[in-house]
Protein chains: 4
Amino acid sequence: MRRQQLIDATLSSVAELGLKATTINSISKRANLSSGIISHYFGCKNGLIEASVRYLLSSLKTELLSSVEDSASSQQRLMLIVEANFSVVQKNAHVTKTWLSFWAESMHDEQLHRLQSVNAKRLYTNLLYSFKALMPKQKAIQAANYSAAMIDGLWLRAVLSKADEFEFSKAEELAKQYVNSLLPSH
Amino acid sequence: MRRQQLIDATLSSVAELGLKATTINSISKRANLSSGIISHYFGCKNGLIEASVRYLLSSLKTELLSSVEDSASSQQRLMLIVEANFSVVQKNAHVTKTWLSFWAESMHDEQLHRLQSVNAKRLYTNLLYSFKALMPKQKAIQAANYSAAMIDGLWLRAVLSKADEFEFSKAEELAKQYVNSLLPSH
Amino acid sequence: MRRQQLIDATLSSVAELGLKATTINSISKRANLSSGIISHYFGCKNGLIEASVRYLLSSLKTELLSSVEDSASSQQRLMLIVEANFSVVQKNAHVTKTWLSFWAESMHDEQLHRLQSVNAKRLYTNLLYSFKALMPKQKAIQAANYSAAMIDGLWLRAVLSKADEFEFSKAEELAKQYVNSLLPSH
Amino acid sequence: MRRQQLIDATLSSVAELGLKATTINSISKRANLSSGIISHYFGCKNGLIEASVRYLLSSLKTELLSSVEDSASSQQRLMLIVEANFSVVQKNAHVTKTWLSFWAESMHDEQLHRLQSVNAKRLYTNLLYSFKALMPKQKAIQAANYSAAMIDGLWLRAVLSKADEFEFSKAEELAKQYVNSLLPSH
DNA sequence: TATGAATGAGCCTTCATTCAT
DNA sequence: TATGAATGAAGGCTCATTCAT
């Protein structure tokens, strides 16, 4: 309970202030807890940061798993993957900014980089799995690569332009159309 | 002269240590200069950071302008635009990481955000200009949007995976193929 | 407790080194505390300086209140006022110098100036109150003005000449004689 | 010429910013000269500060000498002494604040203290000389002491209250009346 | 468990001084 | 003479971490 309270406060602080300006204090105040509690539960500040990223990753995973039903078609799956990658935003608008902060930091933090790596590969793997059901392997690999890049690219440009919710859903729509355009039925 | 020396040192430090860990000291030591010199030339640390981003932006612009000849066809122009967006990297491998640091920080720094905004719009505008010569306006707008996202997406995934030079040129190649696939001749 | 410890250290440092040469370090070392503690309790260095002045002012006030009894005659009150203005010194020889530092700085610090203003007016008001019991209002106003100036002038000259305790009590004696000379009974 | 230019700039800076905030730069900019010039002419910053105080002292002396004529009566002399001590102000309103800064600093700077000492004694000596012509020595000594304190006290309270020109001349008038009240003719 | 007082290293900035030109 | 680029020590402040309660 306390752990989740602190993770939420961390995400909120990173979203609002940025990773650089997020301090033990900015976090503990948002959680209405003392500063000492953080090292008590997470060892150190970095431990909390890492746990927060893990939480975001597992949310994304849960999001996807819960929405995809066994009966879903491959095309439906693809749409749900796109949705999941954009939906984190729609639920909690400011969480988006945190991703970028974390990924930038991951370039200089081995632990974070590992998590980022898992995330990047998962998007690719999920896409590949569905594409393979619809086309030859070589084509599917290319489709997965392009789709992953397009999803991340649209997302990145939306974030950096400080897009509002409406613009975000437009970016999501574009991503879906692109993925659809790769399908043989198209 | 000193100014450029300091900007180079800044880019090198941000690339190696990240923006968060880049300090007045990490910069001035790389430049073999004293710490005080920074405020002498740039007012404060942030002034130097900003100047460094401006330098990267103008390099990108110069890169493009110098490569595009008047006689170039629109298709050639498109390829050159893609190349320019990836080439900054190839010349100076560590510069890539700095972009990401700067863009992440731009979410919480108005000044940087303005610069990032200019950069994002320029890519789009350049692409649109060339696409419009090859297809109807509405189609060109969509092509420019998709291309910009694809370029940024491929670039982002390459950076985050700590891609080496070879993988970067593969990403560049994918980007070119994608842009080409949008052309009517295709 | 810590607060008082730091205020005492501040007064001691300002007395010995002057306001200009008083640093976070000179204070915290005298208090046998770390430097960070100052911002913990007072926000910043200036907050501590201000609190120190407030402490001096309230000491002066307490000094006077505790010595003046209800039964005291107006003449006795006047003598006690003079004594209070000189006595802060006698108890704590080095405090004297700090006053001058603070007042000089008050010319360029709005906060300090407000405190100084309160102090200057209090001396005048206290004197006026007692004089009015002994003479017509117009005369009392003049007596209060002159007395306040004489007290401050004798005090200033004693401080600036780095007077010892004996010379200080001589100055106090002169001040008392002057005030007495203004009384009608004289 | 350059020397005087720098001294004027120093007085102006100390008046406006205070001694603490007066820097080599704040001075040299006001003088429209380079920062290096100061050590060239005065050795170091402190040399310039000291020279500036000396200049003020000699101005005060000159002021008095030029106004007192041999034919003047002792009473007239006394009035001129009072006037001289207040007149520095009237000519250059902001110079007043500088005195206080310098005197406060003199508590922790041997060199400045010596100059302050000269100044304090000169006022006393000048007053004593004139009083002795008008009364017995013992009485004259007391009158000089009281007068010096009254002049300084009225001046101090006027400065600290940030008095305007009008209030300053009222203080001067009070000082004159006080001195006159000590004369036997009174 | 939970607090927050206390620490001290590290940051950015300021500034008197030096020195090549 | 005169400049101002360059230095680097010192200042105030921030903040992750520790620890007694």
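Letters A, B, ... are given to chains in the order of the sequence lines, protein chains preceding strands, and every chain is numbered from 1.
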Practice task
Look only at the side chain of B/H108 and the backbone of A/E16, and say whether a donor-acceptor pair between them is shorter than 3.5 Å.
Solution key: yes

Report the distance from atom [atom1] of [X] to atom [atom2] of [N], rounded to the nearest whole Å.
{"X": "A/I27", "N": "F/dC15", "atom1": "CD1", "atom2": "P", "answer": "12 Å"}
{"X": "B/L17", "N": "E/dC11", "atom1": "CG", "atom2": "P", "answer": "11 Å"}
{"X": "B/I24", "N": "F/dT7", "atom1": "CD1", "atom2": "C1'", "answer": "14 Å"}
{"X": "B/F42", "N": "E/dT14", "atom1": "CZ", "atom2": "P", "answer": "16 Å"}
{"X": "A/N25", "N": "F/dA16", "atom1": "CG", "atom2": "P", "answer": "8 Å"}
{"X": "D/L48", "N": "E/dA16", "atom1": "CG", "atom2": "C1'", "answer": "13 Å"}
{"X": "C/K20", "N": "F/dG12", "atom1": "NZ", "atom2": "P", "answer": "14 Å"}
{"X": "D/L19", "N": "E/dC15", "atom1": "CG", "atom2": "C1'", "answer": "15 Å"}

Throw together a table of side-chain donor-acceptor distances under 3.5 angstrom for residues 17-25 of chain B, partners on residues two or more places apart or in other chains.
from: B/T22; atom 1: OG1; to: B/S13; atom 2: O; distance (Å): 3.4
from: B/T22; atom 1: OG1; to: B/S13; atom 2: OG; distance (Å): 2.9
from: B/T22; atom 1: OG1; to: B/V14; atom 2: N; distance (Å): 3.4
from: B/T22; atom 1: OG1; to: B/G18; atom 2: O; distance (Å): 2.8
from: B/T23; atom 1: OG1; to: B/N25; atom 2: N; distance (Å): 3.2
from: B/T23; atom 1: OG1; to: B/S26; atom 2: N; distance (Å): 3.0

Problem - Validation row: B/T10, B/Y55 side chains within 4.5 angstrom (heavy atoms) - result: no

Exercise for the section: Could you check whether C/T23 gets within reach of a base, just the sugar-phosphate, or nothing at all, counting any heavy atom under 4.0 Å? Expected result: sugar-phosphate

Handout entry: side chain to side chain donor-acceptor pair (under 3.5 Å) partners of residues 40-51 of chain C, not counting sequence neighbours, each pair once
Key = C/E50-C/R54

Detail all sub-3.5 Å separations between protein N/O atoms and N/O atoms belonging to nucleotides 2-6 of chain E.
from: E/dA2; atom 1: OP1; to: A/R2; atom 2: NE; distance (Å): 3.4
from: E/dA2; atom 1: OP2; to: A/Y41; atom 2: OH; distance (Å): 2.2
from: E/dT3; atom 1: OP2; to: A/S34; atom 2: N; distance (Å): 3.4
from: E/dT3; atom 1: OP2; to: A/S34; atom 2: OG; distance (Å): 3.2
from: E/dT3; atom 1: O5'; to: A/S34; atom 2: OG; distance (Å): 3.4
from: E/dG4; atom 1: N7; to: A/G36; atom 2: N; distance (Å): 3.4
from: E/dA5; atom 1: OP2; to: C/H40; atom 2: NE2; distance (Å): 3.1
from: E/dA6; atom 1: OP1; to: C/R2; atom 2: NE; distance (Å): 2.6
from: E/dA6; atom 1: OP1; to: C/R2; atom 2: NH2; distance (Å): 3.4
from: E/dA6; atom 1: OP2; to: C/Y41; atom 2: OH; distance (Å): 2.2

Fill in the blank from the handout: Read 5' to 3' with Watson-Crick or G-U pairs under 3.5 Å, [ ] for crossing pairs and | for partners on another strand, DNA chain E gives .||||||||||||||||||||

Over all atoms of both residues, closest heavy-atom pair of [X] and [Y]:
{"X": "C/L160", "Y": "D/W103", "answer": "CD2-O, 3.7 Å"}
{"X": "B/L100", "Y": "A/L100", "answer": "CD1-CD1, 4.3 Å"}
{"X": "A/A31", "Y": "A/L6", "answer": "CB-CD2, 4.0 Å"}
{"X": "B/R30", "Y": "B/S12", "answer": "NH1-OG, 3.4 Å"}
{"X": "A/A104", "Y": "B/A104", "answer": "CB-CB, 3.5 Å"}

Practice task
Kindly check if the number of other-residue, nucleotide or ligand heavy atoms within 6.0 Å of NZ (B/K29) is above 12?
Solution key: no

Problem - Strand contacts (DNA chain E) in residues 4-12 of chain A, 4.0 angstrom heavy-atom criterion - result: none

Completion exercise
Residues passing the side chain to side chain donor-acceptor pair (under 3.5 Å) test with B/R2, sequence neighbours excluded, are B/Q5

Fill in the blank from the handout: By nearest-heavy-atom nucleotide on DNA chain F, the more 5' of A/G43 and C/I38 is C/I38

